[in-house]
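Could you have a look at this structure, given as structure tokens, before my questions?
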Amino acid sequence: MQSAESLSLRTIAARFTPGEDLRNAIERLAHEHHVEAGCVISAVGSLTAATLRLAGANKFTKLTGPFEIVSLSGTIAPTGVHLHLSIAGADGKAVGGHLAHGCVVHTTVELVVADMAGVRFARMPDATTGYKELNIWGGG
């Protein structure tokens, strides 16, 4: 197990506008604000289209909306993000998976991110899982 404790959080609030790619926007926000160990605190908004990698799938699923964002959670590192998105359509049915490029903002997405002071995240290849997994350093 890896762990680290932060004694303070810096928060960053953003609003993304129609037509923006949600994943690109989050990655750009993290880069511009030098996020070292981030997590999504809150996200609400809507999408015209969504691209997700569903559980256990090797390919991406493209969906046409409109959709409401039901939840968005995950970690943000300078070396990559790991974000899960749940969305619901007009019928109220929800679907969720890994947030991919191709999730297009419909009217707005309001996002709040926390960055943990003194902690650093990095996504690095893991021989056991075959994926880039979270590595954690530092702490208060």
Side-chain angles (χ1 to χ4, degrees):
M1 177 177 86
Q2 295 179 12
S3 67
E5 179 180 345
S6 176
L7 300 178
S8 66
L9 295 176
R10 173 177 66 120
T11 54
I12 303 157
R15 176 179 176 253
F16 305 128
T17 56
E20 287 190 83
D21 180 286
L22 182 57
R23 182 165 169 157
N24 285 344
I26 293 169
E27 290 170 341
R28 184 179 68 249
L29 179 80
H31 176 76
E32 289 174 357
H33 289 272
H34 309 286
V35 174
E36 293 289 323
C39 64
V40 175
I41 295 176
S42 176
V44 296
S46 59
L47 304 173
T48 59
T51 303
L52 303 171
R53 185 172 59 79
L54 304 178
N58 292 322
K59 62 179 184 156
F60 295 102
T61 298
K62 295 183 180 190
L63 305 165
T64 302
F67 300 107
E68 289 291 330
I69 294 174
V70 177
S71 68
L72 175 63
S73 63
T75 55
I76 302 168
T79 54
V81 299
H82 184 189
L83 300 167
H84 289 186
L85 174 71
S86 294
I87 54 175
D91 60 2
K93 293 183 180 175
V95 63
H98 289 269
L99 174 71
H101 298 283
C103 294
V104 180
V105 175
H106 180 51
T107 58
T108 191
V109 171
E110 302 162 8
L111 179 77
V112 181
V113 171
D115 188 23
M116 294 170 262
V119 177
R120 184 166 185 274
F121 289 167
R123 303 202 70 74
M124 300 171 64
D126 183 289
T128 303
T129 67
Y131 294 102
K132 287 185 177 181
E133 301 291 1
L134 187 67
N135 285 262
I136 305 165
W137 294 275

Side chains of Thr11 and Val113, heavy atoms from C-beta outward: is any pair under 4.5 Å? no

For residues 98-127, which residue pairs qualify under ring-ring contact (aromatic ring centres under 6.0 Å, His included), counting only residues two or more places apart or in two chains? His82-His98, His84-His98

Look at atom CG of Asp91 and say whether more than 12 heavy atoms of other residues, nucleotides or ligands are closer to it than 6.0 Å. yes

Taking the side chain as C-beta and beyond, is there a heavy-atom pair between Val95 and Leu63 under 4.5 Å? yes

Hey, does Ile87 have a side-chain heavy atom less than 4.5 Å from the side chain of Leu47? yes

Who are the salt bridge (Lys or Arg N to Asp or Glu O under 4.0 Å) partners of Glu68, not counting sequence neighbours? none

Nearest 0.5 Å, what's the CD1-CG distance between Ile69 and Leu22? 5.5 Å

Rounded to the nearest 0.5 Å, the OG atom of Ser46 sits from the CD atom of Glu110 at a distance of 9.5 Å

Would you say that Phe16 contacts Asp21 through its side chain, given a criterion of any heavy-atom pair below 4.5 Å between the two side chains? no

Excluding sequence neighbours, so at least two apart, what forms salt bridge (Lys or Arg N to Asp or Glu O under 4.0 Å) with Asp115? Arg10

Side-chain cluster (under 4.5 Å, hydrophobic types only) that Ile41 belongs to, other residues: Val112

So which atom in Cys103 and which in Ala50 form the shortest heavy-atom distance, rounded to 0.1 Å? SG-CA, 3.8 Å

Given 3.5 Å as the limit, does a donor-acceptor pair link the side chain of Glu20 with the main chain of Thr17, or not? yes

Would you list the pairs meeting ring-ring contact (aromatic ring centres under 6.0 Å, His included) in which at least one residue belongs to residues 20-66, sequence neighbours left out? none

Check the side chains of Thr79 and Arg123 for a donor-acceptor pair under 3.5 angstrom, ignoring hydrogens and angles. no

Can you find a pair of side-chain heavy atoms, one from Lys132 and one from Asp126, that are under 4.5 Å apart? no

For Thr128, what residues pass the side chain to side chain donor-acceptor pair (under 3.5 Å) criterion, not counting sequence neighbours? none

For the CG atom of Leu72 and the CZ atom of Arg23, what is their distance to the nearest 0.5 Å? 11.0 Å

With rounding to the nearest 0.5 Å, note down the distance linking CG in Leu134 to CD1 in Ile76. 11.5 Å

